[in-house]
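Here's the structure, in structure tokens; my notes come after.
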Protein chains: 2
Amino acid sequence: MATIYQVSELAGVSLATVSRVMNKNTKVSDKTTKKVLDAMQTLGYKPNSIAQSLASNCTNSVGILVSELHGPFFAQMMAGIESELRAAGKHVIITTGHSEEDKEKEGIDFLISRRCDAIILHVEAVTDEYLISLSRGTTPVYLMSRYVEELKEHCISLDNKLGGYLATKSVLEQGHTEIAYIAGPQFKADAANRLAGHKQALEEANITFDPSLYFEGDFNETGGSSALEHLINSKLNFTALVCANDEMASGAMKYAREHGYHLPNDLSIVGFDNVIFANYLYPTLTTIDNPVAKMGEMAAKLVLKDVYQTKNIKINRFFEPTLMQRDSSAPLK
Amino acid sequence: MATIYQVSELAGVSLATVSRVMNKNTKVSDKTTKKVLDAMQTLGYKPNSIAQSLASNCTNSVGILVSELHGPFFAQMMAGIESELRAAGKHVIITTGHSEEDKEKEGIDFLISRRCDAIILHVEAVTDEYLISLSRGTTPVYLMSRYVEELKEHCISLDNKLGGYLATKSVLEQGHTEIAYIAGPQFKADAANRLAGHKQALEEANITFDPSLYFEGDFNETGGSSALEHLINSKLNFTALVCANDEMASGAMKYAREHGYHLPNDLSIVGFDNVIFANYLYPTLTTIDNPVAKMGEMAAKLVLKDVYQTKNIKINRFFEPTLMQRDSSAPLK
DNA sequence: TTGTAAGCGTTATCAT
DNA sequence: ATGATAACGCTTACAA
């Protein structure tokens, strides 16, 4: 592969001049510019971005750490980040943390040693303290779907409490008063906040939260099935079921259907996240839209603004979820 | 950030020695090794992989180009590639081509200029000739789900014809003889091969292919709906419908259900790919499993073997799809 | 076993 | 406007 040196030789100019026409940061006469361009053309010269990175101390790459690569949630997020960054000529280096503390830390180290200009993290296992000390390092750190007060300028987060509130409120407004809730693992802030929203909606409707209509699931489909099984076996009455994510809602729907429930007549079900398949379920799932793709774009924009000094970018760090009313929930008859 | 130079100073050895303990390629006495390790520890030294890449001419990164980041198909593939590569200490740089020739080429240039040690491509718009000339360059090129004779050693592909055959055969074995087919865009090799498999199955059953029971769709959900609409309007009888992918099958299922069909009694439907949501549909979709994640892993292994000289890796370039019999298709009554 | 020094392909600071 | 030349942080012959 041709180097800048060969280009300079062929064009009969110095290295520096070639570098200048590439970077357009210093005036170069039209004549020499043309000579250089021609030389590049005939040599098929492509700059070595590794060398550029070393010399300029800028890799034009941002590291992304997500829990999993598959799964609708992260894919959407990454798509949002990548498209925005790519349009700005930056690229993404992606790695996974699998929601395990060691792997998350290892992934972060990895990204940092690649000298990413910034890292965007969707971490679940690592502590706030770790993140705070991490962001004292030289690599700017951004957080997705996680709010850490000390790092608030670097957090893109969703109002999960509002989402939980909207979900429950939607069935309350349909006349339901006996509402079961399948929560996510409460050590996760999202899950806890969604539950808090649920409780707030109940409170506003003057309904006391009944712990026996509550079950802590695992955010997985099978967890949704067994949670509903548990709730049904408890012999308590409920006409609506609010789930802390779509996977569990889907599992619950399956279990309900297999046990003779007619949806939504016998039971209204609401999910959370609005993942792709929510619209493929039968009946289509009423859920809370989690604007992950938009949040991904925004994280990218934030990096573009902070790290790459791109001008005229409007930042919004806080996103509000919205209700997607579909067919799995209906007014109480 | 600490450099190798500072480490060498603190440890009282030369640069070279520090480099040696990092790379473990030359013997270093235990005593000096310890000194170096200690120095690294106290300085919190992390090697600058950019500098390593420049000096060693190896970036330890492999570029991936997929059509889209979202969508169950690519997510699975990338997950397979990433996990395998990551375990070997390599990392992935991901970019997208959006099935457009210009963007695919641009993405490839991008990856090459980042000096990836190899690139794994899932391209659709670019020509075979382009790929052939590309692979004459210095960066090794690998192809996913695309077979180019001249590059066969670098192709990981699926036997789409077999898949198409299995899909149709499954309904034939259920007693169906009037079988409609919604194909994918025929300029895509996958789509054409799936159709060929369908025809072969019909032929073996002594059923002549009926062009009026055939419709070329666009691989999208809406395309599936309108395709079925078209087929139904043609007033021809058919008891089974084979679709060239799950998205179209899903669209067809929706249309059928909305138009009073009871599935699978009134119509058996079969898809292709076994994307995540196939199992969330109602009824659950009978489909052909496309082992994308496994193929992704294999592509990574191939790179590990060819490019990074990893030993003891068994390579399989050709994958066979399998039938996933679920509830959307049933024996003809 | 360890050190010296020449790259790797750029950018960027001086001069001119 | 252009040219020398010193970084950038590491690897790797070649010497010792």
Side-chain angles (χ1 to χ4, degrees), chain A residues 1-40 43-61 89 112-117 138-139 308-309, chain B residues 1-40 43-61 89 112-117 138-139 308-309:
Chain A
M1 268 190 188
T3 70
I4 196 174
Y5 183 74
Q6 297 167 24
V7 175
S8 78
E9 228 174 14
L10 182 59
V13 298
S14 74
L15 284 190
T17 303
V18 178
S19 177
R20 284 180 189 117
V21 343
M22 289 176 52
N23 300 306
K24 304 179 172 114
N25 46 16
T26 317
K27 269 233 129 5
V28 177
S29 78
D30 289 1
K31 211 163 67 185
T32 32
T33 301
K34 191 184 175 328
K35 279 194 298 186
V36 171
L37 256 21
D38 286 351
M40 285 179 168
L43 288 171
Y45 171 75
K46 302 247 178 86
N48 180 329
S49 62
I50 296 293
Q52 289 179 316
S53 296
L54 184 60
S56 66
N57 196 31
C58 167
T59 59
N60 286 309
S61 69
I112 291 179
S113 85
R114 298 310 302 189
R115 294 302 192 268
C116 292
D117 297 331
T138 40
T139 308
Y308 296 113
Q309 287 84 38
Chain B
M1 268 193 190
T3 71
I4 196 175
Y5 183 75
Q6 297 167 22
V7 174
S8 78
E9 225 174 17
L10 182 59
V13 297
S14 74
L15 284 191
T17 303
V18 178
S19 176
R20 285 179 189 117
V21 342
M22 286 175 53
N23 299 306
K24 305 181 172 112
N25 46 17
T26 317
K27 270 230 127 6
V28 177
S29 78
D30 290 1
K31 212 164 64 184
T32 31
T33 301
K34 191 184 173 329
K35 279 194 299 186
V36 171
L37 258 21
D38 286 350
M40 284 179 169
L43 288 172
Y45 171 74
K46 302 249 178 84
N48 180 330
S49 62
I50 295 294
Q52 289 179 316
S53 296
L54 184 61
S56 67
N57 197 30
C58 167
T59 60
N60 287 308
S61 69
I112 291 178
S113 84
R114 297 312 301 190
R115 295 298 192 271
C116 293
D117 297 330
T138 39
T139 308
Y308 296 113
Q309 288 84 37

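Throughout, a chain's letter reflects where its sequence line sits, starting with A, and its residues are numbered from 1.
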**Message:** Please check if the number of heavy atoms outside A:D30 that lie under 6.0 Å from its CG is greater than 12.
**Reply:** no
**Request:** Give a yes or no on whether the backbone of B:L15 and the side-chain of B:S19 come within a donor-acceptor separation of less than 3.5 Å.
**Result:** no
**Item:** B:N57, CG atom: more than 12 neighbouring heavy atoms under 6.0 Å
**Value:** no
**Request:** Check whether any side-chain nitrogen or oxygen of B:S19 sits under 4.0 Å from OP1 or OP2 of D:dT11, and answer yes or no.
**Result:** yes
**Request:** Rounded to the nearest angstrom, tell me the gap between atom CD in A:Q52 and atom P in D:dG9.
**Result:** 17 Å
**Item:** Ion pair check, A:K34 and A:D38, cut-off under 4.0 Å
**Value:** yes
**Message:** For the CZ atom of A:R115 and the OG1 atom of A:T138, what is their distance to the nearest 0.5 Å?
**Reply:** 7.0 Å
**Prompt:** How many angstroms lie between atom CG of A:N60 and atom CZ of B:R114, to the nearest 0.5 angstrom?
**Reply:** 6.0 Å
**Message:** Strictly distance-based, threshold 3.5 Å: is any side-chain N or O of A:T26 a donor or acceptor partner for the main-chain N or O of A:R20?
**Reply:** no
**Complete:** From CG of B:L15 across to C1' of D:dG9 the rounded distance in Å is 9 Å
**Request:** Report the distance from atom CG of A:L54 to atom P of D:dT11, rounded to the nearest whole Å.
**Result:** 12 Å
**Fill in**
Separation of C:dA12 atom C1' from A:N23 atom CG, nearest Å, is 10 Å
**Asked** If you find the nucleotide of DNA chain C closest to A:V18 and the one closest to B:A51, which residue's nucleotide is nearer the 5' end?
**Response** B:A51
**Request:** Give me the bend of the helix from C:dT1-D:dA16 to C:dT16-D:dA1, using the axes of the five pairs at each end, rounded to 10°.
**Result:** 40°
**Within residues 24-32 of chain B, residues whose heavy atoms come under 4.0 Å of DNA chain C** = B:T26, B:K27, B:V28, B:S29, B:T32
**Item:** Any B:T17 side-chain N or O less than 4.0 Å from OP1/OP2 of C:dT2
**Value:** no
**Request:** For A:K46 and C:dG9, give me the distance from atom NZ to atom C1', rounded to whole Å.
**Result:** 16 Å
**Prompt:** Over how many whole Å does the gap from B:M1 atom CE to D:dG9 atom C1' extend?
**Reply:** 13 Å
**Message:** Base, sugar-phosphate or nothing for B:V13? Non-hydrogen atoms, less than 4.0 Å.
**Reply:** sugar-phosphate
**Message:** Quick check against the 3.5 Å criterion: does A:T59 have a side-chain atom that pairs as donor or acceptor with the backbone of A:S53?
**Reply:** no
**Request:** Looking only at side-chain atoms of B:S14, point me to the closest of D:dC8, D:dT11, C:dG3.
**Result:** C:dG3
**Request:** Please determine if a side-chain N or O atom of A:N48 lies less than 4.0 Å away from the OP1 or OP2 oxygen of C:dC8.
**Result:** no
**Complete:** To the nearest 0.5 Å, atom CD of A:Q52 lies from atom CG of A:N23 at 7.0 Å
**Message:** Whole angstroms only, please: what is the CD1-C1' distance between A:I4 and D:dT5?
**Reply:** 14 Å
**Request:** Rounded to the nearest angstrom, tell me the gap between atom CE in A:M40 and atom P in C:dG9.
**Result:** 15 Å
**Prompt:** Where each residue is assigned the nucleotide of DNA chain C containing its nearest heavy atom, which of B:T33 and A:R20 is assigned the position nearer the 5′ end?
**Reply:** B:T33
**Request:** Return yes if some donor-acceptor pair links the side-chain N/O of B:S49 with the main-chain N/O of A:S113 below 3.5 Å, else return no.
**Result:** yes
**Prompt:** Can you tell me if the side-chain N/O atoms of B:S56 get under 4.0 Å from OP1 or OP2 in D:dT11?
**Reply:** no
**Asked** If only side-chain N and O atoms of A:N57 are considered, is one of them under 4.0 Å from the OP1 or OP2 phosphate oxygen of C:dT11?
**Response** no
**Item:** Base of D:dG9 paired with side chain of A:R115 (donor-acceptor, under 3.5 Å)
**Value:** no
**Asked** Within the structure, does a side-chain N or O atom of A:Y5 lie under 4.0 Å from either OP1 or OP2 of D:dA4?
**Response** no
